[in-house]
Amino acid sequence: YGATTFGPRDTLQAVARHRTHPVLQDPGDADVCAHVDFAMVARAVRQAGASVWGPTTQGQFLTQLGIRERAYVLSRVASPEQRDEIAAAQDRLVGPSAMGGLFKVIAIADPELSEPPGFAG
């Protein structure tokens with residue numbers, strides 16, 4: 001998780017069955033994530049001499065990597081039930097009101113390397 005602007009908040013959280021969950025309860029049964037101050041990370045990366053791309057949304061990143069095309073190919077050979085599951089999964093991963101808008105992606109690399117896939121434009 002993250003934002004381009006950052007303020008005081010809990011930075012560590014857990015999610016289980018699509019609901020918040022106590023971070024230290026039931027280890028291994030919940031997804032643990034952190035809120036990242038991407039602007040601060042980007043500043044530190046640049047000061048250290050590395051290149052940074054992003055942040056961008058998970059939705060934009062996965063779309064540029066071809067998730068829609070991959071879902072289409074999978075759907076062509078899927079049963080109707082599987083097609084519904086593929087469409088729902090794609091919407092969850094790239095939808096702006098779902099993970100696609102909530103999660104952010106940043107790339108950090110040697111300045112000699114070119115822009116990585118998923119970060120164009």
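We count residues from 1, following the sequence as given. The shown structure was predicted, so the numbers you read here are calculated from the model rather than taken from an experiment.
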(message) Could you check whether atom CG of Leu24 has more than 12 heavy atoms from other residues, nucleotides or ligands sitting under 6.0 Å from it?
(response) no
(message) Using side-chain heavy atoms (C-beta onward) and a distance below 4.5 Å, is Gln58 in contact with Leu102?
(response) no
(message) Testing the basics here: between Gly118 and Thr56, what is the closest heavy-atom pair and its distance to 0.1 Å?
(response) O-CG2, 4.3 Å
(message) Is any side-chain heavy atom of Val105 closer than 4.5 Å to one of Phe119?
(response) yes
(message) To check you understand the geometry: which heavy-atom pair defines the closest contact between Gly54 and Ile106, and what is its length?
(response) C-CG1, 4.5 Å
(message) Restricting to non-hydrogen atoms, name the atom on Phe61 and the atom on Pro117 that form the minimum distance, rounded to 0.1 Å.
(response) CE1-O, 3.5 Å
(request) Can you measure from CZ (Arg70) to CD (Gln90) and round to the nearest 0.5 angstrom? (result) 12.0 Å
(message) For Pro55 versus Phe38, what's the shortest heavy-atom pair and its separation?
(response) CG-CB, 3.8 Å
(message) When you compare the side chain of His21 with that of Asp26, does any pair of heavy atoms fall below 4.5 Å?
(response) yes
(request) Please confirm whether the backbone N or O of Ala120 pairs with a side-chain atom of Gln64, one donor and one acceptor, at under 3.5 Å? (result) yes
(message) A side-chain contact here means heavy atoms from C-beta on lying under 4.5 Å apart; do Met99 and Leu93 qualify?
(response) yes
(request) Side-chain contact test, heavy atoms from C-beta onward, threshold under 4.5 Å: evaluate it for Leu62 versus Arg68 and give yes or no. (result) no
(request) Quick one: closest heavy-atom pair of Ala107 and Pro116, and the distance? (result) CB-CG, 3.7 Å
(message) Using the rule that Ile, Leu, Val, Met, Phe, Trp and Tyr join whenever any side-chain heavy atoms are under 4.5 Å apart, tell me whether Leu65 and Phe103 fall into a single cluster.
(response) yes
(request) Might you point out which heavy atoms bring Ala16 and Asp29 nearest each other, and give the distance in Å? (result) CB-O, 3.9 Å
(request) Mind checking the CG-CD1 spacing from Leu113 to Ile108? Nearest 0.5 Å is all I need. (result) 13.0 Å
(message) Can you tell me how far apart CD (Glu85) and OG (Ser79) are? Round to the nearest 0.5 Å.
(response) 7.0 Å
(request) May I ask you to test the Lys104-Val36 pair for a side-chain heavy-atom distance under 4.5 Å? (result) no
(message) Please enumerate all residues that pass side chain to side chain donor-acceptor pair (under 3.5 Å) together with Asp84, with sequence neighbours excluded.
(response) none
(message) Just verifying a value: how many Å separate Glu69 CD and Leu74 CG, rounded to the nearest 0.5 Å?
(response) 12.0 Å
